Amino acid sequence: MLDTKKKSLLKIFEDQGGVPISGEELASRFHVSRNAIWKMVNALRKEGIQIEAKQNTGYYIPKSADYLSAYEIRKKLPDAFKRIPISLFQEIDSTNSEAIRRMASTNCPDQLIISEMQTNGRGHGDNKFISPPQSGIYMTVIYHVASKHFSAKDVTERTAAALVTVLESISDQSFEIHAPNDIFCKGKKVCGVLTEGFADLENHEMEIIALGIGINTSVKGLPDDILEKADFVQLGNMKRNELVAKLLVVLYQFLGDIPLDEVKEIYDKHLVETAV
């Protein structure tokens, strides 16, 4: 994760909206030398952020750059979501594993955990979710559901219905749900979901859950054997930060406000029965 100075520098670049800013101006703002700015810029580049330099003009992030940013995600969120904690990693074992570690604490608020890559992304059972850098969205939402009286099945169906709703709203592709909640396009998997959590032992209702979502936005970095059965979501001009923000909002809607009969209608419409 980025330290405070690098976060501040990244925010300046993001606020510039692709307009270059000189090293001299940045050095003045941070009260450091231009060489120190150059080192900070290179450190951000090593984190996967595409920073260009234009001679006699300065540094800038191209408008076409697609990197994950907690700041940019938060900018896309409506006011009701502005305060939700967002933890962004450049690399992590698994966002779900991190969520489970945090959920073991007695003070674990709703939050978003997201990473540019996972070294041990997990799927159902012993399956792995291959998560190469800058080729997807690998996120987990920690969500308290104790007051909703949801079973694990309810959460599964609501999550899958939310996903196909969002994906079909931003893409011309058509999507299918392969039980319980993996998302396919033209027979190939584009999105995996892993729901884990803690339930009340007496009534079996979920109390707090980790909603892990992995979406392929590219096939770059996927091994050949995975390419035979995987595809990606075509985002067009949409950046991943915008999709993450949209996903978060719609997930909360489907886990809260959307009536169960509407959820079931969406889920059943997209569900494809697969052979066991």
Side-chain angles (χ1 to χ4, degrees), residues 1-4 7 47 68-71 73-74 77 80-133 136-163 180-183 191-215 240-241 243-245 247-257:
M1 299 175 72
L2 301 176
D3 62 31
T4 303
K7 284 181 180 178
E47 295 283 358
L68 293 174
S69 162
Y71 176 67
I73 292 169
R74 201 177 299 282
L77 290 170
F81 289 82
K82 294 289 189 187
R83 297 176 67 86
I84 190 168
I86 301 175
S87 297
L88 172 64
F89 296 86
Q90 293 303 311
E91 180 180 312
I92 197 171
D93 56 347
S94 157
T95 58
N96 255 44
S97 294
E98 176 64 17
I100 295 298
R101 290 190 285 266
R102 296 185 183 193
M103 287 160 57
S105 167
T106 55
N107 182 23
C108 180
D110 284 17
Q111 58 192 283
L112 170 65
I113 303 168
I114 188 165
S115 183
E116 275 285 10
M117 68 173 293
Q118 298 181 117
T119 57
N120 190 29
R122 297 188 290 112
H124 298 290
D126 295 327
N127 293 329
K128 303 294 184 184
F129 190 88
I130 307 300
S131 316
I137 292 171
Y138 319 119
M139 59 183 272
T140 297
V141 177
I142 296 178
Y143 181 78
H144 288 76
V145 293
S147 63
K148 304 294 184 182
H149 307 295
F150 285 165
S151 66
K153 183 173 183 291
D154 293 332
V155 173
T156 292
E157 292 184 354
R158 286 177 179 271
T159 302
L163 280 166
N181 52 8
D182 287 333
I183 311 301
C191 175
V193 180
L194 179 63
T195 305
E196 301 177 295
F198 302 116
D200 186 295
L201 294 179
E202 291 186 1
N203 58 28
H204 304 292
E205 292 177 353
M206 303 301 294
E207 294 183 332
I208 181 172
I209 55 175
L211 284 173
I213 299 171
I215 302 175
R240 287 180 296 157
N241 293 317
L243 178 54
V244 170
L247 275 171
L248 186 62
V249 173
V250 175
L251 273 172
Y252 268 76
Q253 291 173 346
F254 272 75
L255 290 168
D257 302 331

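The residues of the chain are indexed from 1 along the displayed sequence. These numbers come from a predicted model, not from an experiment.
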Over all heavy atoms of both residues, which pair between [X] and [Y] is shortest? Give the atoms and the distance, please.
X	Y	answer
Phe89	Ile113	CE1-CG2, 3.9 Å
Ala99	Ala210	CB-CB, 3.8 Å
Ile183	Ala160	CD1-O, 4.2 Å
Ile208	His144	CD1-NE2, 3.5 Å

Does [X] have any side-chain contact (heavy atoms from CB on, under 4.5 Å) partners at least two apart in sequence or in another chain, and if so, which?
X	answer
Ala162	Val250, Leu251, Phe254
Ser94	Asn96, Ser97, Gln118, Arg122
Asn241	Leu68, Ser69, Glu72, Ile73
Thr119	Glu91, Asp93, Met117

Hey, are the side chains of [X] and [Y] touching, using non-hydrogen atoms and a 4.5 Å cut-off?
X	Y	value
Ile213	Ile137	no
Phe129	Cys191	no
Glu98	Thr140	no
Leu247	Val141	no

Review point. Is it true that a side-chain atom of Tyr138 and a backbone atom of Pro132 form a donor plus acceptor pair closer than 3.5 Å?
Key: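 Answer holds: yes.
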
Review point. Given Lys7 and Leu88, is the side-chain contact (heavy atoms from CB on, under 4.5 Å) satisfied, shown in steps?
Key: CA-CA 11 Å; Lys7 284 181 180 178; Leu88 172 64; over 6 Å; no

If you round to the nearest 0.5 Å, how far is [atom2] of [Y] from [atom1] of [X]?
X	Y	atom1	atom2	result
Arg83	Leu77	CZ	CG	13.5 Å
Arg158	Thr195	CZ	OG1	13.0 Å
Thr159	Tyr143	OG1	OH	10.0 Å
Ser87	Ile114	OG	CD1	10.5 Å
Gln111	Ile84	CD	CD1	8.0 Å
Leu211	Leu194	CG	CG	9.5 Å

**Study point:** All salt bridge (charged side-chain N to carboxylate O under 4.0 Å, His left out) counterparts of Glu157, not counting sequence neighbours
**Key:**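 Glu157 satisfies salt bridge (charged side-chain N to carboxylate O under 4.0 Å, His left out) with Lys153, Lys264 only.
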
**Study point:** Partners passing salt bridge (charged side-chain N to carboxylate O under 4.0 Å, His left out) against Asp154 (at least two apart in sequence or in another chain)
**Key:**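 None.
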
Practice item. Given side-chain contact (heavy atoms from CB on, under 4.5 Å), test Met103 with Glu196 step by step and report yes or no. Key: CA-CA 11 Å; Met103 287 160 57; Glu196 301 177 295; over 6 Å; no

Check your understanding: Which residue pairs satisfy the salt bridge (Lys or Arg N to Asp or Glu O under 4.0 Å) criterion with at least one member in residues 103-116, sequence neighbours excluded?
Key ->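 For residues 103-116: Glu116-Arg240.
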
